[in-house]
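Computation of the quantities below employed the complete heavy-atom set of this structure, encompassing side-chain atoms and omitting hydrogens, waters and symmetry-equivalent molecules.
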There are 2 protein chains.
Amino acid sequence: MPDTSDSPVTSDSPVTSDSPGTRDSVDDTRDAWATVRPELDTTAIAVLGRIHRLSRAVTLLSDALLEPFGIGRGEFDVLSVLRRSDSPVAATRLAHLLTVSNAAITKRMLRLEASGLAARQRSSHDKRVVLVDLTPAGRDLIDAALPAQLGLEAEIADVLGWGDRDATESALRRLLVEAERRLNA
Amino acid sequence: MPDTSDSPVTSDSPVTSDSPGTRDSVDDTRDAWATVRPELDTTAIAVLGRIHRLSRAVTLLSDALLEPFGIGRGEFDVLSVLRRSDSPVAATRLAHLLTVSNAAITKRMLRLEASGLAARQRSSHDKRVVLVDLTPAGRDLIDAALPAQLGLEAEIADVLGWGDRDATESALRRLLVEAERRLNA
DNA sequence: GCGGAATGTTTTACTGGTAAAATATACAGC
DNA sequence: GCTGTATATTTTACCAGTAAAACATTCCGC
């Protein structure tokens with residue numbers, strides 16, 4: 001809850017005046033830097049600072065929608081991958097897809113198994129790998145929980161007009177390709 | 001490390017064919033949903049799914065750059081707010097600006113005080129509030145750590161052309177205003 | 001088909017966050 | 001100026017993640 005109206009520093013020189021509409025918390029942050037360290041190039045913050053804040057804010061909002069279903073974000077993410085895969089998924093593959101440690105998958109599976117939403121089974125082909133699959137209850141739950149998740153994000157994304165949405169989407173794709181390239185390097 | 005080349009599901013029907021260049025992990029995710037639950041509207045993911053993944057990827061990359069300075073993201077964020085504020089900041093205000101709990105600020109301050117980077121002091125006007133300020137060492141450290149952080153983000157943001165950057169920035173601003181509005185509602 | 005490197009998972013020890021209770025101070029109305 | 005309510009911070013108990021060690025299985029070269 002960053003209180004935007006309550007400026008972090010006496011904002012006298014709006015360096016971020018390129019906003020025709022409303023200002024956001026990142027505008028305030030950049031103005032504050034501009035007064036204290038004017039030589040600093042904060043254009044990076046204009047894009048990625050907003051992305052970080054947006055992700056955090058939306059996560060907080062949508063986590064709340066998960067609560068009535070008795071699962072957390074970690075479990076939801078695992079159930080989602082399983083739901084859109086037609087066959088069981090290896091634990092390590094889950095970890096890669098979700099960019100978390102293998103240990104995190106183990107812990108999430110303990111919770112999901114305890115609540116009967118997913119099951120583990122050692123692969124018969126390769127007894128090192130554990131294959132994970134949805135139970136019927138898990139399938140029901142993810143199908144029930146998904147609409148609210150997608151709905152919230154759709155409502156927020158709707159502040160962008162039709163053309164803007166496509167342009168933004170493609171800009172974000174380019175950024176993501178670059179970030180994932182560096183991460184896998 | 002989502003391995004994009006290793007598709008989550010046999011991707012036969014590219015519903016996300018609007019990419020002139022490369023595909024990213026979110027394209028794969030949307031295609032997978034389209035095969036399993038074709039009636040589902042996943043346009044929300046196109047924008048916000050990418051934002052979540054981007055934030056996570058960039059955070060992982062830039063956290064690594066913080067390591068040599070002996071601080072974590074939490075401490076870095078506190079030092080940043082302090083550096084761009086000319087005067088001491090109340091603990092609760094830090095919590096609001098960073099969207100974390102008050103308890104998180106207390107814990108971060110314990111670490112920052114232990115390493116001599118910031119100091120706490122009860123306000124004389126209102127003895128309930130704790131005012132936080134940088135030490136000279138803290139100021140030196142944040143000034144030293146900042147360039148790498150901004151540099152990484154600037155490099156990534158540079159995959160966008162000049163015009164695209166401005167358009168993206170303004171789209172993100174609109175999204176952020178909406179998300180923060182809902183969060184503070 | 002044996003020994004050693006590689007791979008997949010779980011366990012262990014630890015870290016950084018949260019919510020809610022406890023504590024301390026300020027303020028408002030009488 | 002006292003009482004009750006609101007506000008600011010810390011403490012407590014807990015939770016979800018990580019890295020690295022431990023363990024199990026497979027694969028490779030001979």
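Two residues, A/E75 and B/V130, neighbour DNA chain D, and the one matched to the more 5' nucleotide by heavy-atom proximity is B/V130. Comparing A/L131 and B/R73 along DNA chain C, the residue whose closest nucleotide (by nearest heavy atom) sits nearer the 5' end is A/L131. Nearer to the 5' terminus of DNA chain C, by closest-nucleotide assignment, is the contact made by A/V129 (compared with the other of A/V129 and A/R56).
Using a cut-off of 4.0 Å between Lys/Arg side-chain N and Asp/Glu carboxylate O, B/E180 and B/R173 are scored as not salt-bridged. Using a 4.0 Å cut-off between a side-chain N of Lys or Arg and a carboxylate O of Asp or Glu, B/E75 and B/R111 qualify as a salt bridge. A/D24 has no carboxylate O lying under 4.0 Å from a charged side-chain N of A/R30, or vice versa, which leaves the two without a salt bridge.
Close to C/dT18, at under 4.0 Å from its OP1 or OP2, lies a side-chain N or O of B/S101. Between A/R111 and the phosphate of D/dG17, there is a side-chain N or O to OP1/OP2 separation shorter than 4.0 Å. Taking only side-chain nitrogens and oxygens, A/T92 never comes nearer than 4.0 Å to OP1 or OP2 of C/dT7.
At a threshold of 4.5 Å between non-hydrogen side-chain atoms, the residues A/R23 and A/D31 count as touching. Residues A/T59 and B/H52 are in side-chain contact: their nearest non-hydrogen atoms beyond the backbone lie under 4.5 Å apart. Between A/R50 and A/D27 there is a side-chain heavy-atom pair separated by less than 4.5 Å. Looking at B/V129 and B/T92, their side chains never come closer than 4.5 Å, going by heavy atoms from C-beta outward.
Residue pairs satisfying the salt bridge (charged side-chain N to carboxylate O under 4.0 Å, His left out) criterion with at least one member in residues 127-137 of chain A, sequence neighbours excluded, are listed as follows: A/D126-A/R128.
Axis angle, first five pairs versus last five pairs of the helix from C/dG1-D/dC30 to C/dC30-D/dG1: 20°, rounded to 10°.
Atom CD1 in A/I71 sits roughly 16 Å away from atom C1' in D/dC15 (whole-Å rounding). With rounding to whole Å, B/D63 atom CG is found 11 Å from D/dA19 atom P. What separates CG of B/L98 from P of C/dG17 is a distance of 10 Å, to the nearest Å. When the C1' atom of D/dG17 is taken as reference, atom CG of A/D77 falls 13 Å away, rounded to whole Å. Whole-Å rounding puts the B/K107 NZ to D/dC15 P distance at 14 Å. Between the CD atom of B/E67 and the C1' atom of D/dA19 there is a distance of 12 Å, given to the nearest Å. Rounded to whole Å, the distance from CG on A/N102 to P on D/dA16 is 19 Å. In this structure, CG of A/L94 is placed 13 Å from P of C/dG8, rounded to the nearest angstrom.
Backbone-only engagement by A/R108 is indicated by non-hydrogen atom pairs under 4.0 Å involving sugar-phosphate atoms exclusively. Within 4.0 Å of B/A103, counting heavy atoms only, lies at least one base atom of the nucleic acid. Within 4.0 Å (heavy atoms only), B/R120 reaches sugar-phosphate atoms of the nucleic acid but no base atom.
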Nucleotide-resolved protein contact map, nucleotides 24-29 of chain C, B/S/- at heavy-atom distance under 4.0 Å:
-BS---
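Proximity note for A/A104 (side chain, C-beta onward) versus D/dG17, C/dT10, D/dT9: the nearest is D/dG17.
For A/Q121, the CD atom counts as loosely surrounded, since its 6.0 Å shell holds 12 or fewer non-hydrogen atoms of other residues, nucleotides or ligands.
Annotation: cation-pi pair A/R165/A/W162 present, NZ/CZ under 6.0 Å from the ring centroid and within 45° of its normal.
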